[in-house]
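What follows is a set of notes on a single structure, which appears directly below.
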Amino acid sequence: MSIRKNRTLKSLGITASCIGLLLLSACGGGSGVKTYNVSASAGAGGGISPSSTTVDSGGTTQFTVTPQNGYAISSVTGCGGSLSGSTYTTGTITANCTVTAGFVLQYTVTAIAGTGGTISPSSAAVDAGGTSTFTVTPNSGYAINSVTGCGGSLSGSTYTTGTITANCTVTASFVAAWTWAGGSDKAGAPGTYGTQGVAAAANTPGARHSSATWKDASGNLWLFGGWGRDATDTEGDLNDLWEYSVTSGQWTWVGGSNAINQIGVYGTQGVPAASNIPGARHGVLTWTDASGNVWLFGGWGVDSTGTQNSLNDLWKYSPAGAEWTWMSGSDTANAPGVYGTRGVPAASNVPGSRQGAVTWIDASGNLWFFGGESGYAVGQFSFWNDLWEYSPASGEWTWVGGANTADQKGVYGTQGVAATTNVPGARTFATFWTDANGNVWLFGGYGYDSAGTQGELNDLWEYSPASGEWTWVGGSDIANQKGVYGTQGVTAASNIPGAREDAVAWTDASDNVWLFGGGRSTDGADFSDLWEYSPTSGEWTWIGGPNTPNAIGVYGAQGVAAASNLPGARVSPDAWIGANGNLWLFGGWGYDSMGTWNDLNDLWKHPIQ
């Protein structure tokens, strides 16, 4: 460099080293970092923020993606990033780039389950054009009735919607269903007794009908006697005592004989003994008192001498002591009644021999029964409409009402109006229940109508213990009426079950009445229809089962409830109301899975709705 140029730089205050630094800076060198622009773009239905940002080379950045109400994030792409929740984090930035957020319209599918089951999930958010699945689960004793809504279809327990284009609702409904719980699906099965006192899965009472039944404090079901099959498959009257554990599903032969037509061992009246046992019988009157003791009266069976006919002996069974006590009545068959004065208890009073009466126990623990039949001569039966009350405290019977002579016609009065002169006609094997107010209801049976004609009945009566009056509530005052079914599931004032005897009835939590089966001895028609009666509206609803007689049993898989399951048409089955909210039904005279008619020993359960 010339001396002149150097002097000029010095005069400007710039050294050589400084010149080097200036040159580097001008060329982008030194400590400077390059930056890039990352922009954000959102489609319809939402936003992304920030809209853009500057990122150093090699760095990353984040964006918040927010769908509008009714939309969902469908995708976020660009800048090599990934989405977590609503936050999009870019990859390493090495150039200008763009993040793009897309959104999709979303709908809510709501699920609703009726009584008897569940559906899950309770709701689902579904993208427009997508589908969703729901799991439908019936409660024990129920089956899926229908699942509808959102254009879907059911496969097993899974409901898959159609293509979702709007908010919609999936609705699952369930139906109380029969479950075949045990016993044979073939008629005429003998008993398998096993070892007395020992429960076993193989044990089962033989096929039978018209037994005595009760439930103990532990919820176990008890059965005594009936007409049916013993251990050797011989048919006759029985006096075996059985206990069924709802928990284990096993029967125990507790006492009595495993052979038919055994005579009664009465012992001393009023004195319990391990050797005492009522003779074999069916059509027995039964009560259970507040202490858990069981009371039996009469039935058709075998007395102390081996004579087989109608009985009027009264027995008490103590589950605690496992002993029977003969309390009153005769130890010989065909004993006539001693009525005394109506309304006046007396030690000498006693109802005459009979079977098939209706029974109830009042709030004071007194035992009541109405009607029934007696067979004082072979092949010749008498029917009764007398009303009796027994006081366990005094040990005395009172003739409360009705006639003290047989075969009386009904006095119906005006429908819906109680009157002291009203009284149902003499009858046997009527169906009965008590309501929440302690009133007694009576339906049908075989007996006498208002004209004195003998036949099957379908009249409905209510008895008020408080007033001592009967009210003809509904049905016909003329015998042998056919049923009016109407439309299944639809209540109507014109609906009415047809005339029948020996059906089963129970009440639900709303005090509505349910009625199953029964039959007509006049033409051999047996039923498996299910009805509901509302005392509030006074109307019947045909719930299920066929509206034609003599249907065969549809058993399905043992232990599995199914809407298609159906006990075969039957008369005189044995029944209990279980502590777990089920009706239990055992045997009866009816139709098995093959259409054979005979005594049955199948065990069924059905939820009390």
**Asked** Can you name the closest pair of heavy atoms from Ala113 and Phe174 and give their distance?
**Response** CB-CE1, 4.1 Å

**Request:** Kindly say whether Ala505 contributes a backbone atom to a donor-acceptor pair with the side chain of Thr431 at under 3.5 angstrom?
**Result:** no

**Asked** When rounded to the nearest 0.5 angstrom, what distance separates CD in Gln488 from CG in Asn495?
**Response** 11.0 Å

**Prompt:** Side chains of Val38 and Ile93: does their closest heavy-atom pair fall under 4.5 Å?
**Reply:** yes

**Prompt:** Short question: side chain of Asn203, backbone of Thr252 - any donor-acceptor pair under 3.5 Å?
**Reply:** no

**Message:** Under a 3.5 Å threshold, yes or no: a donor from one side chain and an acceptor from the other, between Asn601 and Ser184?
**Reply:** no

**Request:** Look up atom CZ in Phe586 and atom CG in Asp574, then write down how far apart they are to the nearest 0.5 Å.
**Result:** 7.0 Å

**Request:** Give, for atom CG of Asn565 and atom NE2 of His606, the distance between the pair rounded to the nearest 0.5 Å.
**Result:** 10.0 Å

**Prompt:** If we ignore angles and hydrogens, is there a donor and acceptor under 3.5 Å between the side chains of Asp240 and Trp242?
**Reply:** yes

**Asked** To the nearest 0.5 Å, how far apart are CZ in Phe432 and OG1 in Thr434?
**Response** 8.5 Å

**Message:** Whether the side chain of Tyr159 engages the backbone of Val136 through a donor-acceptor N/O pair (distance < 3.5 Å, no angle test) should be reported.
**Reply:** no

**Asked** Judged by atom type as modelled, is there a donor-acceptor pair below 3.5 Å linking the side chain of Thr108 to the main-chain atoms of Asn167?
**Response** no

**Message:** Quick check: do Val109 and Val170 have side-chain heavy atoms less than 4.5 Å from each other?
**Reply:** yes

**Request:** Establish, from distance only, whether the side-chain atoms of Ser39 and Thr98 form a donor-acceptor pair under 3.5 Å.
**Result:** yes

**Asked** Do Asn37 and Ser52 come within less than 4.5 Å of each other through their side chains, counting heavy atoms only?
**Response** yes

**Request:** For Thr541 and Gly489, work out which heavy atoms get closest and say how close.
**Result:** CG2-C, 3.6 Å

**Message:** On a heavy-atom basis, which atom in Asp592 and which in Lys186 lie closest, and how many Å separate them?
**Reply:** OD2-CA, 3.4 Å

**Item:** Verdict with supporting geometry, Ser57 and Tyr36, side-chain contact (heavy atoms from CB on, under 4.5 Å)
**Value:** CA-CA 6 Å; Ser57 178; Tyr36 296 103; 3.4 Å; yes

**Request:** Applying side chain to side chain contact (heavy atoms under 4.5 Å, CB included) between Ser528 and each of Pro549, Pro567, Pro546, report the one that passes.
**Result:** Pro546

**Asked** Side-chain contact, heavy-atom cut-off 4.5 Å: Leu223 with Arg208?
**Response** yes

**Prompt:** How many angstroms lie between OG in Ser140 and NZ in Lys605, if you round to the nearest 0.5 Å?
**Reply:** 4.5 Å

**Asked** Between Pro535 and Asn512, what is the shortest heavy-atom contact and its length?
**Response** CD-OD1, 3.7 Å

**Item:** Test of ring centre spacing under 6.0 Å for Trp433 and Tyr533
**Value:** no

**Message:** Any non-hydrogen side-chain atom of Leu600 less than 4.5 Å from a side-chain atom of Tyr591?
**Reply:** no

**Request:** Check whether any side-chain N or O of Asp502 sits under 3.5 Å from a backbone N or O of Gly518 as a donor-acceptor pair, and report yes or no.
**Result:** no

**Asked** Is a side-chain N or O of Asn437 found less than 3.5 angstrom from the main chain of Asn439, in a donor-acceptor match?
**Response** no

**Asked** Backbone N or O of Thr165 within a donor-acceptor pair of the Tyr107 side chain at under 3.5 Å?
**Response** yes

**Message:** Applying the side chain to side chain contact (heavy atoms under 4.5 Å, CB included) criterion to Trp514, which one of Leu583, Ile543, Ile608 satisfies it?
**Reply:** Ile543

**Message:** Contact between Thr179 and Trp604 at the side-chain level, heavy atoms closer than 4.5 Å - yes or no?
**Reply:** no

**Asked** Do Tyr485 and Asp529 have side-chain N/O donor and acceptor atoms under 3.5 Å apart?
**Response** yes

**Request:** Answer yes if the side chains of Ser146 and Ser173 hold a donor-acceptor pair under 3.5 Å, and no otherwise.
**Result:** yes

**Item:** Minimum heavy-atom distance between Gln62 and Pro50, given as atom pair plus value
**Value:** O-CD, 4.0 Å

**Message:** Measuring only between side-chain heavy atoms, which start at C-beta, is Phe443 closer than 4.5 Å to Leu515?
**Reply:** yes

**Request:** Check whether any side-chain heavy atom of Arg500 lies under 4.5 Å from a side-chain heavy atom of Phe527, and answer yes or no.
**Result:** yes

**Request:** Please report the C-alpha distance between Trp441 and Val473 in whole Å, then the side-chain angles of each, then the deciding distance to 0.1 Å, and finally whether the side-chain contact (heavy atoms from CB on, under 4.5 Å) criterion is met.
**Result:** CA-CA 9 Å; Trp441 294 72; Val473 176; 3.9 Å; yes

**Item:** Intermediate values then yes/no, ring-ring contact (aromatic ring centres under 6.0 Å, His included), Phe516 and Trp531
**Value:** CA-CA 7 Å; Phe516 172 79; Trp531 292 82; over 10 Å; no

**Request:** Evaluate ring-ring contact (aromatic ring centres under 6.0 Å, His included) for Tyr193 paired with Trp251, printing each intermediate quantity in order.
**Result:** CA-CA 9 Å; Tyr193 285 75; Trp251 287 98; over 10 Å; no

**Prompt:** Thinking salt bridges, do Asp602 and Arg570 make one under a 4.0 Å N-O criterion?
**Reply:** yes

**Asked** Can you check side-chain contact (heavy atoms from CB on, under 4.5 Å) on Val99 and Ile48, steps first, answer last?
**Response** CA-CA 9 Å; Val99 173; Ile48 185 169; 3.7 Å; yes

**Message:** Can a donor-acceptor pair be found, under 3.5 Å and without considering hydrogens, that links the side chain of Ser537 to the backbone of Glu539?
**Reply:** yes

**Prompt:** Under 3.5 Å, side chain of Ser245 to main-chain N/O of Ser248, donor-acceptor pair present?
**Reply:** yes

**Asked** Stepwise, does the side-chain contact (heavy atoms from CB on, under 4.5 Å) test hold for Ile361 with Asp289?
**Response** CA-CA 8 Å; Ile361 191 164; Asp289 65 26; 4.2 Å; yes

**Message:** As a quick check of understanding, evaluate side chain to side chain donor-acceptor pair (under 3.5 Å) for Trp287 and Asn293, giving each step before the final call.
**Reply:** CA-CA 8 Å; Trp287 306 263; Asn293 298 312; over 6 Å; no

**Prompt:** Roughly how far, to the nearest 0.5 Å, is the CG atom of Leu83 from the CZ atom of Phe63?
**Reply:** 13.0 Å

**Message:** If I compare all heavy atoms of Thr60 with all of Gly91, which pair ends up nearest, and what's the gap?
**Reply:** CG2-O, 3.5 Å

**Request:** Using atom types as modelled and distance alone, determine if a side-chain donor or acceptor of Asp216 lies under 3.5 Å from a backbone N or O of Gly219.
**Result:** yes

**Request:** Please say which of Tyr244, Trp178, Trp576 ends up in a ring pair (Phe, Tyr, Trp, His ring centres under 6.0 Å) with Trp584.
**Result:** Tyr244

